[in-house]
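Each remark here refers to the structure printed beneath this line.
Bear in mind that the values here come from a model prediction, so they are computed numbers and not experimental data.
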Amino acid sequence: MQVPESIEVLIAEFDRQMEPLDTHTVQAALSSARTKLAEKIPTGDAWADLVAFALQVAQEEHLPWNTYFGPMGSCKYKDGSVSYSPDPRDITPEIVDHWEQRADVLTNPVLKARYADLVWDLSRKAADRRANIRFAHIAIDSYLASVSDGRNRDFHDDIEALMRALQLSTSIRDNDRTAIAKGMMIERFHAEVGQDGWWIQLYDALVANRKCGLTDADKNGMIAGLEKLFARATTDETLDPHSAERIACRLLPFYSSGDDFDNVKRVGIAVSEAFERIASTGSRMQAMVWLQTAADFARRAGEADRLNRLKVEREEAIRASASEMKSFSFSHEFKKSEVEEYVEAILDETNWQQSLFNIAAHFIVPKQQLRHQAERAAETSPLMAAITMSVIADDHVAAQVDGDDDADGPLYRHADFSRQFNRLHLCKALEGAVKRHSLSPEEIAAFMQRSSLFSDLPLLVAGVKAWFDGDYVKSIFVLVPQVEDAFRNVARNLGESVTKDKRGQSGWEVSMNLGDLLSMGKVRVEVGEDIHFWMRAIFADARGMNLRNQIAHGLVGREAATYYNCEMVIHCMLILGAYKDVAIACARRAEAAEGKRAASVAEETILESEEFVSPEFEEGDDIALVLEREELGKE
């Protein structure tokens, strides 16, 4: 390997440097030198040293190799492929050979540790060979020397070097080096505790590494240091609840493991009281969060009365927080002619059943399209997409949507956006269908009953008639329970039990609720992924509207009985009336949208007029027979 002279000069200068050094400084200098070479000579040989310092540490949980050293970043493309920067897969056996030479020749412990550790960590992946154990020895000794000789520029670099030295020494079962690394870490822990510095990383690394040989004396000494910090964090003059929480999260497992419940109670109550104190001084939104932490630690302390009181205080804070929240809205104007043209494209000229089916199929957004919307939003606003969002009910946090760990969570928000954006068009489409075909409540209810999922057709008629009459309270409170009835019948038709054991009462049983029914795999398959998600988002998930649970538990009043909500429920029941065909239409829409994405055609919008491949509904005697059987006559 022919390393450019300018690179060799830089490495030699850093090796002679006696002042503290950090790897980022080395990386920056090598990057600058390599850039200057770009137009003069091939830069491949210059990359060997640059990549050594560009790779990031502690990357065991990350691709592509899950090794200690890994790329600084990655980029995922629309086709699913991923690129890394720098890409460790570009490291060749020749580069590993070069690192071996550097580790043997250099004397600066910061550089020497880096090269030796790279050889030990990446030889198997990059060169398809096992590294000589001496490189692990060199890395450990150099990491420890960089700390003891004061050659690291930052305290954090010291901590990182000590933790890596312990990790390496225990992994190769080198007891002597493990003892040295452990002793230096414990000594440094007490120094950091004295100034409330970088003690967390040291404590966690020592406790988590069961091979390091911590003695009872070691553990008790560290706990004594934490107790000093804890006393400072919970004293009125130096009150710091967040520090107290961090310390308690280390003290409580220690005391719990020794069945020292008196200290568990003491520590838990102290943290609970600290957060309760600051909750009384902050805003109600802050209090909402801080009182939750106070309640959590009261629970850990086993203080039931205190826990109940804090929960009551938190509910009051949540109710009061509404006055501190702000509404954000946007408006979108539609021309009357555009809406009329849009509705005209949906409705059938003569067949009222076809019109209702088109409405049912058109105003449900396939789950895959919602996912694409969420992905686009994450691309344009990555920070917002990564922040955990809380769904606040009247007096409690109903749900949390975690952008990183909750793959479907953002979809509920985008489903809600889609419903709001389309509600004017849904309204006009339903009005247009009723007016064009002179529909009666009985006919609309009969369409809903085409699937034979509803047990009580007269209730459907009553709910639809109330919607016709503008009695939205009656309409929504009558129809929403029928959605649960429909899914109960879906489960029954599939041979599934629709009862469950009553909690706390042995031998008693109760009917499953809508959430239970939607959790059944067979039900999900039967109605299809798109309908299943749409119904859950509206009726049975706290990340969405949760309308069934809100109504069933008396958590909403007249404010829920709006014209738009009633139309949304009517639409859902139309979907259930022809759910098998609606599922097919959704699948075809999603497939068509995927085709457009793959071909890079203009992006499909929610309001795009679509061709529905749907069954042709013909006028016949079946509807009349259903009504006659239920002894209902048309108005």
Side-chain angles (χ1 to χ4, degrees), residues 1-19 21-59 62-75 81-139 142-143 146 151-153 157 161 164:
M1 178 173 289
Q2 299 297 317
V3 178
E5 182 179 355
S6 58
I7 301 295
E8 288 287 8
V9 169
L10 274 176
I11 295 296
E13 289 176 353
F14 283 126
D15 192 41
R16 291 192 299 268
Q17 181 174 315
M18 298 303 296
E19 294 80 12
L21 179 65
D22 66 81
T23 56
H24 301 295
T25 300
V26 180
Q27 176 198 347
L30 291 173
S31 179
S32 177
R34 181 171 178 261
T35 300
K36 294 176 182 178
L37 295 169
E39 297 181 0
K40 299 178 181 179
I41 63 173
T43 58
D45 290 347
W47 189 70
D49 288 292
L50 175 59
V51 70
F53 293 91
L55 291 170
Q56 300 298 294
V57 301
Q59 298 298 303
H62 300 285
L63 296 173
W65 285 348
N66 301 101
T67 44
Y68 179 72
F69 291 100
M72 184 184 302
S74 63
C75 178
S81 62
V82 180
S83 65
Y84 299 94
S85 177
D87 195 333
R89 295 170 298 186
D90 293 334
I91 299 171
T92 64
E94 290 74 24
I95 290 176
V96 177
D97 292 340
H98 175 68
W99 291 343
E100 290 181 354
Q101 295 172 7
R102 293 287 198 207
D104 283 331
V105 173
L106 297 176
T107 59
N108 187 304
V110 175
L111 302 182
K112 198 174 187 72
R114 184 74 167 200
Y115 282 110
D117 200 356
L118 284 163
V119 172
W120 179 252
D121 188 52
L122 298 180
S123 286
R124 188 178 295 277
K125 291 286 189 180
D128 194 24
R129 66 177 185 246
R130 183 170 182 171
N132 192 305
I133 197 170
R134 69 186 181 87
F135 290 103
H137 295 157
I138 293 172
S142 299
Y143 279 129
S146 71
R151 304 297 290 275
N152 292 309
R153 179 168 293 174
D157 294 332
R164 180 57 175 167

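At least one side-chain heavy atom of D121 sits under 4.5 Å from a side-chain heavy atom of R164. At least one side-chain heavy atom of F14 sits under 4.5 Å from a side-chain heavy atom of T25. Proximity of R151 to M18: side-chain heavy atoms (C-beta onward) are separated by under 4.5 Å at one or more points. Within the 4.5 Å cutoff, the side chain of D157 has no heavy atoms near those of the Y143 side chain. Counting heavy atoms from C-beta outward, R102 and L118 have side chains that stay 4.5 Å or more apart.
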Validation: residues 66-73 side-chain donor-acceptor distances under 3.5 Å, sequence neighbours left out:
| from | atom 1 | to | atom 2 | distance (Å) |
| --- | --- | --- | --- | --- |
| N66 | ND2 | E60 | O | 3.2 |
| N66 | ND2 | H62 | O | 3.3 |
| T67 | OG1 | F69 | O | 2.7 |

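Within 6.0 Å of atom CD in E5, 12 or fewer heavy atoms from other residues, nucleotides or ligands are found, so the atom counts as exposed in its surroundings. At most 12 non-hydrogen atoms from other residues, nucleotides or ligands lie less than 6.0 angstrom from CZ of R130.
Of all non-hydrogen atoms in Y84 and S74, the two that sit nearest each other are CD2-CB, 3.6 Å. Residues L21 and N108 share a closest heavy-atom pair of CD2-ND2, 4.0 Å. Annotation for P88 and W65: closest pair O-CH2, 3.0 Å, computed over non-hydrogen atoms. The heavy-atom pair separating V82 from R89 by the smallest distance is O-NH2, 3.8 Å.
The closest donor-acceptor contact from the side chain of D45 to the backbone of M1 lies at 3.5 Å or more, if one exists at all. At least one donor-acceptor pair under 3.5 Å links the side chain of T35 to the backbone N or O of S31. When atom types are taken as modelled, the side chain of E100 and the backbone of H98 share no donor-acceptor pair closer than 3.5 angstrom. A donor-acceptor pair is defined here as one N or O able to donate and one able to accept, closer than 3.5 Å; no such pair exists between the side chain of D22 and the backbone of R153.
A donor-acceptor contact closer than 3.5 angstrom links the side chains of D49 and Y115.
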